[in-house]
Amino acid sequence: ALSVFACLSLAVVYLNITPPTYQRQAVMLVKDDKSAGKSQELQALSELSGASISNSVDNEVYILRSFMLMQEVVKRLHLNVNYTVKDGWLKNRTLYYDSPVTVWTDTDPTSGISMKMKLIDENQVQVYDVRYNGEKMEMNEVIAIGDTVQTPVGNLIVDIQENSPYTDKEIFVSIGNIENTTNAMLSKLTTGLLDKKSTLVQLTFKEGNIARADAVLNMLLKVYS
């Protein structure tokens, strides 16, 4: 009985501290420019030589997972900036379109920048508990929405997003390194053919926010195109 109680207690704690992860998928049609005859010739050459010759669809699957492509997605969507709020006891909720603030900076930190924010009204936000590459900065300021402010972590701009349900919450903002963020995004992405004989490529992305996952997949296809 004690073992059952302990296991159930651990399960409750785990569920309360573990943020949810969502899986989103997209399917893309790859046009094969090779004629059927040419593809057969390549296949015959592959069999005779014993070498593996990839077709154009395999090449596109590889390109979709390239570092440069995802890096462009990260830059366009500012994925190196993350927003979270406390959701319940110990769980954090990842925000994206539903974040009450949007943060812009011209700094690409080595290991990261973190700060806490809270909206005072529609024109001002308080910025405090700022850390730069693990070192705490002496900063606790009220800054105007939309203004470019010089801070110990570089120029900072905070914009407000309307209709957010978290306007009265403390927002934890973390800004990561572009390269590290790109590698993290690639680790969440898988690509593959729906069928060995198909030119349909399936992209699967796992993320803590559904809107953010959809934005990544849509932008990835846009940048690819």
Side-chain angles (χ1 to χ4, degrees), residues 19 66-87 91-189 205-220 222-223:
S66 67
F67 180 88
M68 292 182 66
L69 206 66
M70 183 58 78
Q71 186 179 59
E72 184 63 23
V73 173
V74 169
K75 290 180 178 179
R76 292 193 188 186
L77 295 178
H78 305 284
L79 296 176
N80 61 313
V81 185
N82 293 277
Y83 311 90
T84 57
V85 295
K86 284 290 183 184
D87 182 24
K91 187 186 295 183
N92 292 327
R93 177 180 292 273
T94 302
L95 306 182
Y96 191 55
Y97 293 132
D98 49 354
S99 171
V101 296
T102 304
V103 179
W104 313 84
T105 181
D106 57 359
T107 304
D108 187 19
T110 304
S111 58
I113 299 171
S114 66
M115 62 190 74
K116 294 178 181 178
M117 295 186 178
K118 190 157 188 178
L119 284 173
I120 297 175
D121 53 40
E122 59 183 12
N123 298 314
Q124 294 178 311
V125 61
Q126 184 180 8
V127 182
Y128 55 98
D129 197 8
V130 180
R131 297 179 184 272
Y132 180 68
N133 291 332
E135 182 181 352
K136 189 170 183 178
M137 301 286 101
E138 294 296 329
M139 182 178 175
N140 188 342
E141 300 180 16
V142 175
I143 64 177
I145 298 294
D147 285 355
T148 301
V149 181
Q150 291 184 344
T151 73
V153 297
N155 290 328
L156 197 68
I157 304 174
V158 182
D159 288 327
I160 193 171
Q161 295 196 109
E162 298 180 354
N163 302 321
S164 171
Y166 305 103
T167 53
D168 60 337
K169 295 280 189 178
E170 180 184 67
I171 310 300
F172 181 77
V173 181
S174 61
I175 304 170
N177 176 268
I178 294 291
E179 181 178 348
N180 293 341
T181 303
T182 302
N183 287 324
M185 292 296 109
L186 283 174
S187 69
K188 300 177 181 180
L189 175 70
F205 194 80
K206 295 181 179 180
E207 175 61 50
N209 184 283
I210 294 176
R212 184 174 157 107
D214 287 339
V216 171
L217 289 177
N218 290 332
M219 184 58 71
L220 181 62
K222 185 177 181 180
V223 173

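Treat the numbers as computed from the prediction; the structure is a model and nothing was measured. Counting from 1, the numbers follow the sequence of the chain as shown.
- Annotation: side chain of Glu72 is not in contact with side chain of Met68 (no heavy-atom distance under 4.5 Å).
- For the pair Asn209 and Tyr83, the minimum side-chain heavy-atom distance is 4.5 Å or more.
- Looking at Asp121, its side chain does come within 3.5 Å of a backbone N or O of Asn123 through a donor-acceptor pair.
- Within the 4.5 Å cutoff, the side chain of Val103 has no heavy atoms near those of the His78 side chain.
- Taking 4.5 Å as the limit, some side-chain heavy atom of Asn183 sits within range of a side-chain heavy atom of Phe67.
- Put simply, the side chain of Gln126 reaches to within 4.5 Å of the side chain of Asn140, judged on heavy atoms.
- When every heavy atom of Gln124 is checked against every heavy atom of Ile145, the shortest pair comes out as N-CG1, 3.7 Å.
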- Item | Residue pair Tyr96, Glu207: steps toward the side chain to side chain contact (heavy atoms under 4.5 Å, CB included) verdict | CA-CA 11 Å; Tyr96 191 55; Glu207 175 61 50; over 6 Å; no

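- Val125 is not listed as a side-chain neighbour of Ile171, based on a closest heavy-atom distance of 4.5 Å or more.
- Formation of a donor-acceptor pair under 3.5 Å by the Thr107 side chain with backbone atoms of Pro109 is not found in this model.
- Closest of all the heavy-atom pairs between Glu122 and Ile160 is CA-CD1, 4.0 Å.
- The structure places NZ of Lys118 at 7.0 Å from CD of Glu170, a figure rounded to the nearest 0.5 Å.
- For the pair Asn133 (side chain) and Gly112 (backbone), a donor-acceptor distance under 3.5 Å is present.
- Residues Met185 and Phe205 approach most closely at O-CE1, 3.4 Å, considering heavy atoms.
- At distances below 3.5 Å, at least one donor-acceptor pair connects side-chain atoms of Thr105 with backbone N or O atoms of Asn155.
- Judged by distance alone, with hydrogens and angles left aside, the side-chain atoms of Arg212 form a donor-acceptor pair with the main-chain N or O of Leu79 at under 3.5 Å.
- For the pairing with Leu95, the side-chain contact (heavy atoms from CB on, under 4.5 Å) check across Pro100, Pro165, Ser164 returns one residue only, Pro100.
- Note that OH of Tyr128 and CE of Met117 are 10.0 Å apart. Values are rounded to the nearest 0.5 Å.
- Under a 3.5 Å cut-off, the side chain of Asn80 and the backbone N or O of Thr181 do not form any donor-acceptor pair.
- Taken from CG in Asn82 to OG in Ser114, the straight-line distance is 11.5 Å, to the nearest 0.5 Å.
- For the pair Asn177/Thr110, no side-chain contact is recorded, criterion being any heavy-atom separation below 4.5 Å from C-beta on.
- The OG1 atom of Thr148 sits 9.5 Å away from the CD1 atom of Ile143 when rounded to the nearest 0.5 Å.
- At a threshold of 4.5 Å between non-hydrogen side-chain atoms, the residues Asn92 and Lys86 count as touching.
- Atom CD1 of residue Ile175 and atom CG of residue Leu156 lie 6.5 Å apart, to the nearest 0.5 angstrom.
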- Go through the steps to decide whether Val223 and Arg76 satisfy the test side chain to side chain contact (heavy atoms under 4.5 Å, CB included), and finish with yes or no. CA-CA 9 Å; Val223 173; Arg76 292 193 188 186; 3.8 Å; yes

- Message: Test side chain to side chain donor-acceptor pair (under 3.5 Å) on Asp98 and Gln161; report intermediate values, then the result.
- Response: CA-CA 8 Å; Asp98 49 354; Gln161 295 196 109; over 6 Å; no

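- Residues Val73 and Val216 share a closest heavy-atom pair of CG1-O, 4.2 Å.
- With rounding to the nearest 0.5 angstrom, the CZ atom of Arg131 is 13.5 Å from the OG atom of Ser174.
- Shown here for Val173 and Val81, the closest heavy-atom pair between the two residues is CG1-CG1, 3.9 Å.
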